[in-house]
**Student:** 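Got a structure here, written out as C-alpha cells. Questions coming.
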There are 2 protein chains.
Amino acid sequence: MANRTVRPTLTDVAARAGVSKSLVSLVMRGEQGVSPATRQRVREAADALGYQPDSRARLLRSGRSRLLGVVFGIEHAFHVDLVTALYTAARDSGYELALSAVTPERDETEATASLLQDRCEALIMLGPRTPAPALARLATRLPVVVLARDVRGADVIRTADADGLRQAVDHLAGLGHRRIAHIDGGRAPGAADRRRGYREAMHAHGLGRHVHIIAGGLTEDEGATAARTLLHQSRPPTAITVFNDRCATGVLDVLVRAGTRVPEQVSVVGFDDSHLARLAHISLTTIAQDVPTMTRLAVARAIERIDGLAVAHRASVVTPHLVIRSTTGPVAD
Amino acid sequence: MANRTVRPTLTDVAARAGVSKSLVSLVMRGEQGVSPATRQRVREAADALGYQPDSRARLLRSGRSRLLGVVFGIEHAFHVDLVTALYTAARDSGYELALSAVTPERDETEATASLLQDRCEALIMLGPRTPAPALARLATRLPVVVLARDVRGADVIRTADADGLRQAVDHLAGLGHRRIAHIDGGRAPGAADRRRGYREAMHAHGLGRHVHIIAGGLTEDEGATAARTLLHQSRPPTAITVFNDRCATGVLDVLVRAGTRVPEQVSVVGFDDSHLARLAHISLTTIAQDVPTMTRLAVARAIERIDGLAVAHRASVVTPHLVIRSTTGPVAD
DNA sequence: TTGAAAGCGCTAACAG
DNA sequence: CTGTTAGCGCTTTCAA
C-alpha cells in the first residue's frame, strides 16, 4: 500500500477525547460555550492525532465554500503584485483565496470553470480578456469583481488611468520637457484611457503639436521595438511615457544599449509601480497603482455581494500617484 | 437577497429528467451502462438547468480529492515557468492543480497548511525553503515531490546543477576565456552544486588558479551588486557564469550601464532559461533546465505515490543543456 | 438498465 | 455545558 496515512476525522478525535463530535466541532472552530477542561482535552486529542479539519466536508455541510476565486495571468508582473496583496487583503476576511492561473496553454474560460466547480462564492478577475457580454453573463451566476479593466455588467475596481498619465505629463512638463511621447498598450485593458489622459494633458500644457503616440504593448519586447523606432527618428523625444513598467523595462534597455543616458538625455515614466520598477538597478519613475487599496476594495466588494448587500454594479476608481525614482530629470538643452 | 442563484443539484437534474440520482451521476461521469435515450434526457436536463457537479461533495463521497497541491514562490520567474508547465503536465492526468503561493507575507508553512486542508492527495513543492526534517515529516503524511531542490526523505526531481555549470564553463573555455568568474546563489537551493560544478570544470580546463567566486543571490539586485564589485577589480573577468537568469539580468544591466559591451568585452551565462532569458532584448545565453521533463516527472511521481507504487524515495536528476544566445562570444584580446 | 438506501466528514438545530 | 439527530450533494453498493 501507499505510505499515505489515513487522516483522522472529527469522529476519531471525539472518541479519543471521550466527547461528542459536536464538542470537537465547536472547539475546532473556536466557538464559545465549551468548558475549559473539555476544550483542553479535545485540543490534546486533536494534536495527538494530527487532526486537521476537512474543509470540503465542512463547507459542504455549511452550504458555503468561503472561497474567493482569483483568475490571473501568471506571467504578468503586475498581476503577481495584485495576487500577493490579495492574500493580505483576504487574510482576516474569513475567506480563502483559490488561485487559477491563465497561461499560454490554459485560457480564461478554463481557469474560470475550475473555480466554478470548486464552488467559489465570488470571482475576482485580474485584467480579464473575456468579452464583456460573457463576463456579464457570468456575473448573473455569482458575484464577479473585475480588477484593472473597465466593463459594464460587473463590479469594477480600477485605477484612474487617464489621471495617471496626466500626472506623468505634468511631472515631465514641470521638468521642462516638451517633446513627450507615449508608447501605448494597444488594446490592453486601460490602454485607451491612458492614451486619452496623455493626449489631454499634452493639450492642457499647450503641447498639442508634440503629441506623439507609438504602438507598444504589455511586454518588454514590444517596448524595445517601440524604443528603437523612436531612436531612429530625426528629432527623438526628450521624454517617454510608457503603458506599463514591463514595457518600460524594454524601452530602458534599448536606450541604455544605444548609449542614450537616462535621464540626462531621455526621461522615462512607467505605469503600475510593479516590483520591476522598484528594482534598484532599474529604479523607474512610474505611476503607482494603489494596490493595497484596490485589493482591499476588491475583497470587500466581493464579500458585500456575497452577503447580498450591493445592488447595482459599481465601478470604483482608485487614484494613482507619481513615484519619482531615477529615470526622470530636467530636460537637457 | 443576493443575486446569487441557487445552484442546481444532481437531485434537481434527476427530478427534471424523471430518473434517479444514480443515473444522473453515471451520465455526468460518462460511465457505461446507461441507455442512450436516458443519457440523452439527462444531458438535456442538466444543460437546461446549467448544472455543474459540486466537486467538493463528489470528492467527499469518493474519499479523494484528485487534487495535486503546488507550493510556489509567486515572485520567482522560474517558478512561474514551472507552474505553467505543471498545468500542461497535469492536463490529462485526471488530477487538478491547487495553487498556493508563497509571498513576502505568506510563508511556506501557511501555503502548505491550506493545501492540506483542501485534502490534496500529494504536494509538489517548488524550491522549498522548509528545513529537511520538517519536509520529511510532511512526507510521512502524504506524498511530497520536491522540485528544484535536493533533500532526503522526499521524492526529488532536480536538475544536474553541477553538470550545468560544467557546460557553461566548457562553452566559455571553448571560446578562449580563461578568467571566468562565478556569481553564486548563496544558500539558495542548487547553489552549492552549481558552485562545485564551476570549480570542478575550471580545474578540468586547467584554470584552477582563475577560480573566482563572488557572493550573489537569486534576485536582480543581488546580481547588480556583485557585478559592480567585479567591475571595480583591477583585472575583471572576461566571462561570468551566474547562479540564475534573474540574477544575471541584474548583472547585464550594470555592465551595459557601465559601458561594457556584452559579449565583446564580457560574456555572461545564466541558468534556468526562464522567460526572462528569452526576451529579445536580453537574449541571454543560459543553461536551460528541462522544464517539460521535470514537470512531467513530478506529476507522474506524485501519482505513482498516490497509487502506492513507488517505495523508496527517489531522486531523479534531469540533464540541462546549453542555450547559446547573444551574451557570449569569443574572448577579446 | 434502473432505483433505493447508505454514508463520506462535517455543522446546525435542538434537546437534555 | 453537552449529546443526539439530521442532512449538505454526491458516489456506491446492492437489489430489482
Side-chain angles (χ1 to χ4, degrees), chain A residues 4-43 45-46 49-67 94 96 116-121 142, chain B residues 4-43 45-46 49-67 94 96 116-121 142:
Chain A
R4 219 176 334 143
T5 329
V6 177
R7 284 172 172 150
T9 74
L10 186 149
T11 312
D12 299 328
V13 178
R16 173 152 185 147
V19 297
S20 73
K21 294 195 306 175
S22 324
L23 262 330
V24 180
S25 177
L26 291 175
V27 173
M28 294 317 292
R29 282 176 292 149
E31 296 282 314
Q32 302 208 313
V34 183
S35 73
T38 309
R39 192 177 290 274
Q40 168 79 358
R41 261 192 312 145
V42 170
R43 281 261 153 72
L49 264 45
Y51 169 73
Q52 278 210 320
D54 183 328
S55 57
R56 304 195 128 67
R58 167 179 287 187
L59 303 169
L60 174 58
R61 169 62 238 212
S62 51
R64 327 196 27 176
S65 70
R66 294 217 160 261
L67 238 39
E96 291 257 330
L116 289 179
Q117 285 225 345
D118 290 344
R119 289 293 190 267
C120 289
E121 299 188 31
L142 84 175
Chain B
R4 220 176 332 142
T5 328
V6 176
R7 284 172 172 151
T9 74
L10 186 148
T11 311
D12 299 328
V13 178
R16 171 150 186 149
V19 296
S20 73
K21 296 195 305 176
S22 325
L23 262 329
V24 179
S25 177
L26 291 175
V27 173
M28 293 317 292
R29 282 177 294 148
E31 296 280 311
Q32 303 209 313
V34 181
S35 72
T38 309
R39 192 177 292 273
Q40 168 78 357
R41 261 194 309 146
V42 170
R43 282 260 152 72
L49 285 122
Y51 171 72
Q52 277 208 319
D54 183 327
S55 57
R56 305 196 125 67
R58 168 180 287 189
L59 303 168
L60 173 58
R61 171 62 237 213
S62 52
R64 322 196 31 176
S65 70
R66 294 219 160 262
L67 237 39
E96 292 257 329
L116 289 179
Q117 285 226 345
D118 289 345
R119 288 295 189 266
C120 289
E121 299 188 33
L142 84 175

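By convention in this document, chain letters (A, B, ...) are assigned in the order of the sequence lines, proteins followed by strands, and residues within each chain are numbered from 1.
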**Student:** Name the first nucleotide and the last nucleotide along DNA chain C (5' to 3') that come under 4.0 Å of a heavy atom in chain A.
**Tutor:** C:dG9 to C:dA12
**Student:** Work out how much the helix from C:dT1-D:dA16 to C:dG16-D:dC1 bends between its end axes, five pairs an end, to the nearest 10 degrees.
**Tutor:** 40°
**Student:** Would you give the length of the straight line joining atom CZ of A:R61 to atom CG of B:L60, rounded to the nearest 0.5 angstrom?
**Tutor:** 12.5 Å
**Student:** For a 4.0 angstrom threshold against heavy atoms of chain B, report the outermost contacting nucleotides of DNA chain D in 5' to 3' order.
**Tutor:** D:dG9 to D:dT12
**Student:** Taking all atoms of both residues into account, what is the closest heavy-atom pair of B:P53 and A:R119, and its distance?
**Tutor:** O-NH1, 3.7 Å
**Student:** Atom CG in A:L142, atom SG in A:C120: separation rounded to 0.5 Å?
**Tutor:** 8.0 Å
**Student:** Of all residues at least two apart in sequence or in a different chain, which pass the side-chain hydrogen bond (donor to acceptor under 3.5 Å, both in side chains) check with B:D118?
**Tutor:** A:S55
**Student:** Counting only non-hydrogen atoms, which of residues 28-38 of chain B are less than 4.0 Å from DNA chain C?
**Tutor:** B:G33, B:V34, B:S35, B:T38
**Student:** Kindly state each residue pair satisfying side chain to side chain donor-acceptor pair (under 3.5 Å) with at least one member in residues 26-37 of chain A, sequence neighbours excluded.
**Tutor:** A:S25-A:R29, A:S35-A:T38
**Student:** Would a 4.5 Å heavy-atom cut-off, applied to side chains only, mark B:V42 and B:L26 as touching?
**Tutor:** no
**Student:** Can you name the residues that form a salt bridge (Lys or Arg N to Asp or Glu O under 4.0 Å) with A:R56, not counting sequence neighbours?
**Tutor:** none
**Student:** Taking side-chain hydrogen bond (donor to acceptor under 3.5 Å, both in side chains) as the test, write out the residues that go with B:Q40, two or more places apart.
**Tutor:** B:E44
**Student:** Are any side-chain N or O atoms of B:E121 and backbone N or O atoms of B:S65, one a donor and one an acceptor, separated by less than 3.5 Å?
**Tutor:** yes
**Student:** Does B:R43 have any side chain to side chain contact (heavy atoms under 4.5 Å, CB included) partners at least two apart in sequence or in another chain, and if so, which?
**Tutor:** B:V27, B:R39
**Student:** Sequence neighbours left out, cut at 3.5 Å: what donor-acceptor pairs do the side chains of residues 12-19 of chain A make with other protein atoms?
**Tutor:**
from	atom 1	to	atom 2	distance (Å)
A:D12	OD2	A:T9	N	2.8

**Student:** To the nearest 0.5 angstrom, please state how far the CZ atom of B:R58 sits from the CZ atom of B:R66.
**Tutor:** 10.5 Å
**Student:** Give the minimum heavy-atom separation between A:L10 and A:K21, together with the two atoms involved.
**Tutor:** CD2-CB, 3.2 Å
**Student:** List in numerical order all residues of residues 52-62 of chain B for which some heavy atom is under 4.0 Å away from an atom belonging to DNA chain C.
**Tutor:** B:L60, B:R61
